[in-house]
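Here's the structure, in structure tokens; my notes come after.
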Amino acid sequence: LHSVSIEKRYPGIDGVGVIASVPRPKLEEFLRTTRADQAADFALKNLTDATNDLLVIKQIEPEERHRAVLGWDMSGDPERLAVAQRARDTAAAAMTSTLRMMDNGREAQRGFLMLLPVYQRGAPVGTEAERRANLEGWVYGLFISDQLMRGILENQSMTLGFEVFDGLKPDQDKQIFAATQSPTAKPGYRPRFSDVVPVKLAGHTWTLRFTSTPAFDAKIPRDLSTL
């Protein structure tokens, strides 16, 4: 991860990891193998009494930053479980809604996970039943929303206000990012133009809202019939 400078190449990615799909009858075998290959003190966290397969975070980088999540069973979280199952069944990347990220010593930040399924090498995956039977686990990326958007917009001249919301409509409680402040905007300024655009990403929907700034509005004639 450090050798390819992933944080510089892909702003917003805070970690990359591997989630193992572990049938409960094979849990002890999984722990023996993982402890032999990785660390003798590898332990499960957040284990539930449910009967479904476990989704165990087996590896993550940078490990020093995210060590607290190693061994965490994601199957106990309904949303993470549903997203992982959707990725498994569709053989495509799937994304969570906005989550509060667990961290080592840093203030919790809002972000999301994107999961991509991994199947047994050479196994058939043409049907949903085959994909379920031959799943190994997932690789996943952990993204910090504000960091991602600022990286995308870095060095861009913003002539419009820009907001991102998690979900199907502009809900302030679900705002992911906002770049709406203008140095020339007076208190109470109301943009003349706005538009809302839904965007589907890895099976999940974000809503983008664009609003005009004072500089933009000043360039548009008040009487649009003159255009």
Side-chain angles (χ1 to χ4, degrees), residues 13-63 65-104 108-145 166-168 174 200-206:
I13 296 184
D14 201 52
V16 176
V18 175
I19 301 167
S21 177
V22 185
R24 288 183 184 260
K26 296 184 177 181
L27 177 56
E28 291 305 318
E29 178 185 346
F30 166 78
L31 289 174
R32 283 196 301 271
T33 302
T34 303
R35 288 165 179 164
D37 291 344
Q38 290 182 215
D41 60 350
F42 185 90
L44 288 178
K45 301 169 186 174
N46 196 46
L47 188 62
T48 70
D49 295 328
T51 59
N52 54 279
D53 292 351
L54 306 177
L55 280 64
V56 181
I57 298 178
K58 184 178 180 180
Q59 295 174 300
I60 188 164
E61 293 291 344
E63 183 176 332
R65 182 187 303 169
H66 299 292
R67 187 173 292 118
V69 303
L70 276 176
W72 195 62
D73 173 28
M74 288 174 45
S75 69
D77 182 296
E79 179 175 5
R80 287 174 170 86
L81 176 61
V83 169
Q85 290 173 337
R86 185 172 78 241
R88 174 199 64 192
D89 291 347
T90 61
M95 191 174 88
T96 68
S97 62
T98 301
L99 307 169
R100 290 192 68 79
M101 299 289 110
M102 296 186 299
D103 215 331
N104 263 3
Q109 300 181 73
R110 297 187 357 154
F112 60 93
L113 307 179
M114 188 173 291
L115 283 71
L116 185 68
V118 177
Y119 303 97
Q120 296 174 20
R121 184 183 296 273
V125 292
T127 67
E128 183 178 289
E130 289 172 340
R131 291 191 283 272
R132 291 185 176 190
N134 296 313
L135 181 74
E136 288 279 0
W138 300 260
V139 292
Y140 79 101
L142 187 165
F143 295 81
I144 301 301
S145 304
D166 188 13
L168 298 170
K174 295 184 178 181
K200 196 147 191 174
L201 303 166
H204 190 75
T205 301
W206 282 359

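The first residue of the sequence shown is numbered 1, and numbering continues consecutively from there. Just so you know, these numbers come straight off a predicted model, no measurement behind them.
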List the atom pairs, with distances to 0.1 Å, where a side-chain N or O of residues 117-124 and a protein N or O form a donor-acceptor pair under 3.5 Å, not counting sequence neighbours.
residue, atom, partner, partner atom, Å
Tyr119, OH, Arg88, O, 2.6

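Taking CG from Leu81 and OG from Ser75, the interatomic distance works out to 6.5 Å, rounded to the nearest 0.5 Å. Once rounded to the nearest 0.5 Å, the distance linking NE2 of His66 with CD of Gln59 reads 14.0 Å. How far CZ of Phe30 is from OG of Ser21: 10.0 Å, rounded to the nearest 0.5 Å. Rounding to the nearest 0.5 angstrom, the gap separating the CD atom in Gln85 from the CZ atom in Arg80 is 14.5 Å. Rounded to the nearest 0.5 angstrom, Asp77 CG and Asn46 CG are separated by 8.0 Å. Note: Leu54 CG to Thr48 OG1 = 7.0 Å, rounded to the nearest 0.5 Å.
Shown here for Phe42 and Lys58, the closest heavy-atom pair between the two residues is CE1-O, 3.9 Å. Of all non-hydrogen atoms in Arg24 and Thr51, the two that sit nearest each other are NE-C, 3.6 Å. What you find for Ala202 and Arg86 is that their closest heavy atoms are O-NH2, 3.4 Å. Taking every heavy atom of both residues into account, Gly15 and Pro62 meet most closely at CA-CD, 4.2 Å.
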Going through the checks in order, is the side chain to side chain contact (heavy atoms under 4.5 Å, CB included) test met by Leu31 and Leu44?
CA-CA 9 Å; Leu31 289 174; Leu44 288 178; 4.0 Å; yes

Can Trp72 and Leu55 be said to form a side chain to side chain contact (heavy atoms under 4.5 Å, CB included), step by step?
CA-CA 8 Å; Trp72 195 62; Leu55 280 64; over 6 Å; no

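Side-chain atoms of Arg67 never come within 3.5 Å of backbone atoms of Ile60 as a donor-acceptor pair (strictly under, hydrogens ignored). Of the possible donor and acceptor atoms, one in the side chain of Lys45 sits under 3.5 Å from a partner among the backbone N and O of Ala68. In this structure, the side chain of Arg110 does not engage the main chain of Ile144 through any donor-acceptor pair within 3.5 Å.
More than 12 heavy atoms of other residues, nucleotides or ligands shown are found within 6.0 angstrom of CG on Leu116. Around NZ of Lys26, the count of heavy atoms belonging to other residues, nucleotides or ligands within 6.0 Å does not exceed 12.
Between Arg35 and Asp41 there is no salt bridge, since no side-chain nitrogen of the basic residue lies less than 4.0 Å from a carboxylate oxygen of the acidic one.
Looking only at side-chain heavy atoms (C-beta outward), Glu61 and Val16 stay at 4.5 Å or farther from each other. You'll find the side chain of Leu142 stays beyond 4.5 Å of the side chain of Ile13, heavy atoms only. Within the 4.5 Å cutoff, the side chain of Met95 has heavy atoms near those of the Trp206 side chain.
Applying the side-chain contact (heavy atoms from CB on, under 4.5 Å) test to Thr96 and every residue at least two apart in sequence or in another chain returns Glu79, Val83, Leu99, Phe112, Leu113. For Thr98, the side chain to side chain donor-acceptor pair (under 3.5 Å) criterion is met by Asp166, not counting sequence neighbours. Partners of Asn134 by side chain to side chain donor-acceptor pair (under 3.5 Å), not counting sequence neighbours: none found. The ring-ring contact (aromatic ring centres under 6.0 Å, His included) test applied to Tyr140 returns no partner, not counting sequence neighbours.
Sorted by first and then second residue, the salt bridge (charged side-chain N to carboxylate O under 4.0 Å, His left out) pairs with a member in residues 123-139 read Asp89-Arg132, Glu128-Arg132; sequence neighbours excluded.
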